[in-house]
Amino acid sequence: MNKILIILLTYSSLTFASEVTPQASDMKFVTDFTNFACKSFRDKVSAPNEIVDLQVEFTKLGISSSTRRVLIDIKSLDNECHYTADYSRKKGTTTLNYEKSYINNAESCLELKNKLDEIMTPGFKYRIKYNAYISMLFLKDLDGQCESTSGNNLIEFQWML
């Protein structure tokens, strides 16, 4: 009987451990979302239509100590779904390559995950200014205010000191 109890406890703790997902705040360098833009470090614009339609907001960007791994956190406006996109970067490049994504286990969040994956999978190109601001270009074409200006949809983050 003791062996069965130990097996059940081990299985339940392993199952719980597998549900832990990484978040941007787990990384060495953590920045906060500031705005969307059409040109790096310029005027703010509203979010692209595809993001507005999903009723989500970007929250944080986390960078590993080696700067080769980046996590971007997004949450639904109702705070029910928490999504994290995981990217890698090769040395000497400014392109973030999509690796995988995570979402909390609420069954209602799976459709949101699939739609966010469509937007996030192509990756980003980024620029850093004054070691405090990060501007990231969506590599997926998105609709919104930027279509009539630069055609570039950017998301920006900043270290909050």
Side-chain angles (χ1 to χ4, degrees), residues 10-38 40 44-91 93-128 133-147 150-160:
T10 303
Y11 176 76
S12 64
S13 64
L14 288 174
T15 302
F16 177 74
S18 69
E19 293 175 5
V20 175
T21 60
Q23 296 179 336
S25 57
D26 299 334
M27 304 301 269
K28 175 79 174 178
F29 307 105
V30 180
T31 64
D32 292 318
F33 168 76
T34 53
N35 59 274
F36 291 95
C38 299
S40 294
K44 298 176 183 180
V45 298
S46 59
N49 297 338
E50 294 85 345
I51 293 169
V52 171
D53 292 346
L54 293 177
Q55 298 185 14
V56 296
E57 64 182 355
F58 285 75
T59 57
K60 296 198 179 291
L61 176 135
I63 303 169
S64 68
S65 57
S66 69
T67 70
R68 300 290 182 267
R69 185 174 181 209
V70 174
L71 299 177
I72 300 173
D73 289 348
I74 302 171
K75 70 176 184 174
S76 60
L77 295 180
D78 64 8
N79 213 21
E80 182 180 329
C81 302
H82 297 269
Y83 172 95
T84 300
D86 193 339
Y87 295 89
S88 64
R89 181 183 72 85
K90 292 182 181 175
K91 186 176 182 175
T93 68
T94 59
T95 301
L96 299 178
N97 302 301
Y98 177 86
E99 296 291 329
K100 57 186 160 188
S101 66
Y102 311 90
I103 199 155
N104 55 313
N105 287 335
E107 205 167 302
S108 60
C109 298
L110 293 179
E111 184 178 342
L112 176 62
K113 179 186 182 300
N114 292 334
K115 289 179 179 178
L116 282 168
D117 281 349
E118 286 178 28
I119 295 170
M120 305 299 281
T121 298
F124 296 89
K125 286 192 178 268
Y126 70 89
R127 286 183 45 202
I128 297 176
Y133 307 97
I134 298 175
S135 181
M136 297 175 36
L137 171 67
F138 283 93
L139 294 182
K140 176 169 179 60
D141 288 332
L142 300 171
D143 298 326
Q145 281 181 280
C146 297
E147 279 183 308
S150 68
N152 294 328
N153 285 289
L154 301 151
I155 183 168
E156 298 187 336
F157 296 87
Q158 175 181 347
W159 273 271
M160 299 299 182

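Given the structure is predicted, the values throughout are model-derived calculations rather than measurements.
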- prompt: Does the side chain to side chain donor-acceptor pair (under 3.5 Å) test come out yes or no for Ser64 and Ser66, once each step is laid out?
  reply: CA-CA 5 Å; Ser64 68; Ser66 69; 3.2 Å; yes
- request: Sort and list the pairs that fulfil ring pair (Phe, Tyr, Trp, His ring centres under 6.0 Å) and have at least one residue in residues 101-124, not counting sequence neighbours.
  value: Tyr87-Phe124, Phe124-Phe138
field: Distance (rounded to the nearest 0.5 Å) between Lys113 NZ and Ser101 OG
entry: 3.0 Å
message: Using side-chain heavy atoms (C-beta onward) and a distance below 4.5 Å, is Ile134 in contact with Trp159?
response: yes
- prompt: Which heavy atom in Ala37 sits nearest to a heavy atom in Cys146, and how many Å separate them?
  reply: O-SG, 3.7 Å
- prompt: Looking at Met27 and Arg69, what are the two nearest heavy atoms and their distance?
  reply: CE-O, 3.6 Å
- prompt: How many angstroms lie between atom CD1 of Ile51 and atom CG of Asp143, to the nearest 0.5 angstrom?
  reply: 11.0 Å
task: Determine whether more than 12 heavy atoms belonging to other residues, nucleotides or ligands lie under 6.0 Å from atom CG of Asp141.
output: no
statement: salt bridge (Lys or Arg N to Asp or Glu O under 4.0 Å) pairs touching residues 75-85, sequence neighbours excluded, are Glu57-Lys75
query: How long is the gap from CD1 on Ile63 to CZ on Arg89, to the nearest 0.5 Å?
result: 9.0 Å
- prompt: Hey, is the main chain of Leu142 close enough, under 3.5 Å, to the side chain of Asn153 for a donor-acceptor pair?
  reply: yes
- prompt: What pair of heavy atoms forms the shortest contact from Phe58 to Met120, and how long is it?
  reply: CE2-CE, 3.9 Å
- prompt: Can you tell me how far the NE2 atom of His82 sits from the SG atom of Cys109, to the nearest 0.5 Å?
  reply: 8.0 Å
field: Sequence-distant partners of Tyr126, ring pair (Phe, Tyr, Trp, His ring centres under 6.0 Å), two or more places apart
entry: none
Minimum-distance pair of heavy atoms, taken over all atoms of Cys81 and Leu112: CB-CD2, 3.7 Å
message: A side-chain contact here means heavy atoms from C-beta on lying under 4.5 Å apart; do Thr21 and Asn104 qualify?
response: no
- prompt: Taking C-beta and beyond as the side chain, do Leu54 and Ile119 meet within less than 4.5 Å on heavy atoms?
  reply: yes
message: Just verifying a value: how many Å separate Glu50 CD and Lys140 NZ, rounded to the nearest 0.5 Å?
response: 7.0 Å
message: Using only atom types and a distance under 3.5 Å, with no angle test, would you say the side chain of Ser150 pairs donor to acceptor with the backbone of Cys38?
response: yes
message: Within the 4.5 Å heavy-atom criterion, are Asp53 and Lys115 side-chain neighbours or not?
response: no
Those residues that, when tested against Tyr83, pass ring pair (Phe, Tyr, Trp, His ring centres under 6.0 Å) (two or more places apart): none
task: Write down the atom of Leu71, the atom of Gln23, and the distance for their closest heavy-atom approach.
output: CD1-O, 3.4 Å
Minimum-distance pair of heavy atoms, taken over all atoms of Ser46 and Phe36: O-CB, 4.0 Å
- prompt: For the side-chain hydrogen bond (donor to acceptor under 3.5 Å, both in side chains) test, which of Asp32, Asp73, Thr31 pairs with Lys60?
  reply: Asp32
- prompt: Which residues satisfy the side chain to side chain contact (heavy atoms under 4.5 Å, CB included) test with Gln158, sequence neighbours excluded?
  reply: Thr34, Tyr133, Met160
- request: Show your working on side-chain contact (heavy atoms from CB on, under 4.5 Å) between Leu139 and Lys125 and close with a plain yes or no.
  value: CA-CA 7 Å; Leu139 294 182; Lys125 286 192 178 268; 3.9 Å; yes
Contacts of Glu99 that satisfy salt bridge (Lys or Arg N to Asp or Glu O under 4.0 Å) - sequence neighbours left out: none
- prompt: Rounded to the nearest 0.5 Å, how far does CE of Met136 lie from CD of Glu156?
  reply: 10.5 Å
